Amino acid sequence: MQKEQKRGKWLSMQMLGFEFRKTIGNPYVHIFGVGMPVLMMIVVTRAVIGQMVDEAMVSQAETSVFLGIGALIPMATIFMGYGISNAQELEKGIPQRMELFGIRESVSLCNRILSEVIFMVFAFLVYFAAGYGLADLRAPKPVGVLLYVVCILGFSVILFCFAHAISSLLRKFALTYCVTMLLYFVFMILGGMMGITYDNMPDGVQALADFLPVTYINRDFCMVWSGESYNFGPMLQSYLLMGALAGILMFFTVKRTARKLH
């Protein structure tokens, strides 16, 4: 009974519904998190078909493009969508008002995270339905699907930490929108999603791209998807480095917030 009461303090259908309505009411997540990945997948795969003759190579290239562009969904829904929404609420003082009604910020954050995850799942369902309906994709191995889910979730956690820290530090809608939008396109460029592949980048740019998990998702994950052997060392290093940076930024954000409260 006590466990259920404690759980109820953190999660409730009413609060979750409220946060989910806020999430789906954000136009940025629909444009950049659902529409743009599907559109890019269609355009890029059609371009790939026009340049290749071998059907086996076409299927491999389309699958690689499809899996790589899928990383845009957490980048838009979690990183940019949540960051912008949180900054807008902080700018208007909404968290402080909610605390006056007995709703702690930690409770609101817990329900917000769950609502973002639910929306991201729906976005991926739409994306995969469009991909398998419009592109010639390779059939995945079960372990490949599992690893893709794990990598996307890990990437999403890192992006959420960055989004929360950036929006909490800037606390302004316009500034947060500018920074997250800029980083969104930087990740796309370095990840090889904007027409410049990793092999065509200068050495200095390649060194930066090596630090981003999205680079490996976009470039190499077709091998994992198909069950081929793959060296996860460089990818794991990118996750650890980016996660460490997100953790440090979150630490300074929490410390700064604690100082303001006291």
Side-chain angles (χ1 to χ4, degrees), residues 11 16 18-38 40-41 67-90 95 105-106 108-128 148-171 173 175-188 190-191 193 211-218 221 235 238-250 253-254:
L11 294 171
L16 180 61
F18 171 72
E19 293 294 346
F20 188 70
R21 284 193 295 273
K22 287 198 301 182
T23 300
I24 61 176
N26 185 347
Y28 299 101
V29 298
H30 297 283
I31 296 171
F32 294 100
V34 181
M36 188 171 180
V38 172
M40 284 191 63
M41 181 268 297
L67 296 174
I69 292 178
L72 291 181
I73 295 175
M75 285 166 55
T77 58
I78 302 293
F79 180 63
M80 196 168 69
Y82 171 76
I84 292 172
S85 177
N86 190 51
Q88 194 171 33
E89 291 186 3
L90 290 171
E105 185 178 358
S106 57
S108 177
L109 184 62
C110 184
N111 286 275
R112 173 69 70 84
I113 292 172
L114 186 55
S115 68
E116 296 283 351
V117 170
I118 293 172
F119 181 84
M120 190 173 70
V121 170
F122 281 121
F124 267 106
L125 289 176
V126 172
Y127 181 70
F128 269 78
Y148 187 74
V149 171
V150 170
C151 288
I152 290 294
L153 286 177
F155 189 45
S156 300
V157 171
I158 294 172
L159 291 175
F160 179 84
C161 292
F162 271 117
H164 185 76
I166 291 171
S167 58
S168 297
L169 289 172
L170 298 178
R171 304 180 74 87
F173 169 80
L175 284 175
T176 303
Y177 177 79
C178 179
V179 171
T180 54
M181 178 68 80
L182 178 63
L183 290 174
Y184 175 84
F185 283 107
V186 167
F187 291 162
M188 286 182 64
L190 294 179
M193 301 179 186
F211 293 130
L212 298 177
V214 68
T215 299
Y216 302 95
I217 296 174
N218 183 57
F221 220 92
M235 181 189 290
S238 71
Y239 271 91
L240 292 175
L241 178 61
M242 196 171 180
L245 292 175
I248 292 170
L249 196 57
M250 279 289 288
T253 301
V254 171

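On a predicted model such as this, the values are computed, not experimentally measured, just so you know. Hydrogens, waters and symmetry mates play no part in the numbers below; they use all other heavy atoms, side chains included.
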For this session: Under the side chain to side chain donor-acceptor pair (under 3.5 Å) rule, collect the residues that match up with S85, sequence neighbours excluded.
Result: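 Once residues adjacent in sequence are excluded, S85 has no partner under the side chain to side chain donor-acceptor pair (under 3.5 Å) criterion.
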Exercise. Listed by chain and number, what are the side chain to side chain donor-acceptor pair (under 3.5 Å) partners of S238, not counting sequence neighbours?
Worked result: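 None.
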Exercise. Please, which pairs that meet salt bridge (charged side-chain N to carboxylate O under 4.0 Å, His left out) have at least one residue in residues 79-90, sequence neighbours excluded?
Worked result: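 Sorted pair list: K22-E89, E89-R112.
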Does [X] have any side chain to side chain contact (heavy atoms under 4.5 Å, CB included) partners at least two apart in sequence or in another chain, and if so, which?
X	value
L169	L249, T253, R256
L240	L236
Y177	Y28, I84, M181
L153	M120, V149

List for me each residue that meets ring pair (Phe, Tyr, Trp, His ring centres under 6.0 Å) alongside [X], sequence neighbours excluded, and say none if there are none.
X	result
F128	F66
F162	none
F124	none
Y216	none

Problem set entry | Side-chain donor or acceptor of S168 paired with backbone N/O of A165 under 3.5 Å |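 Not a single qualifying donor-acceptor pair exists.
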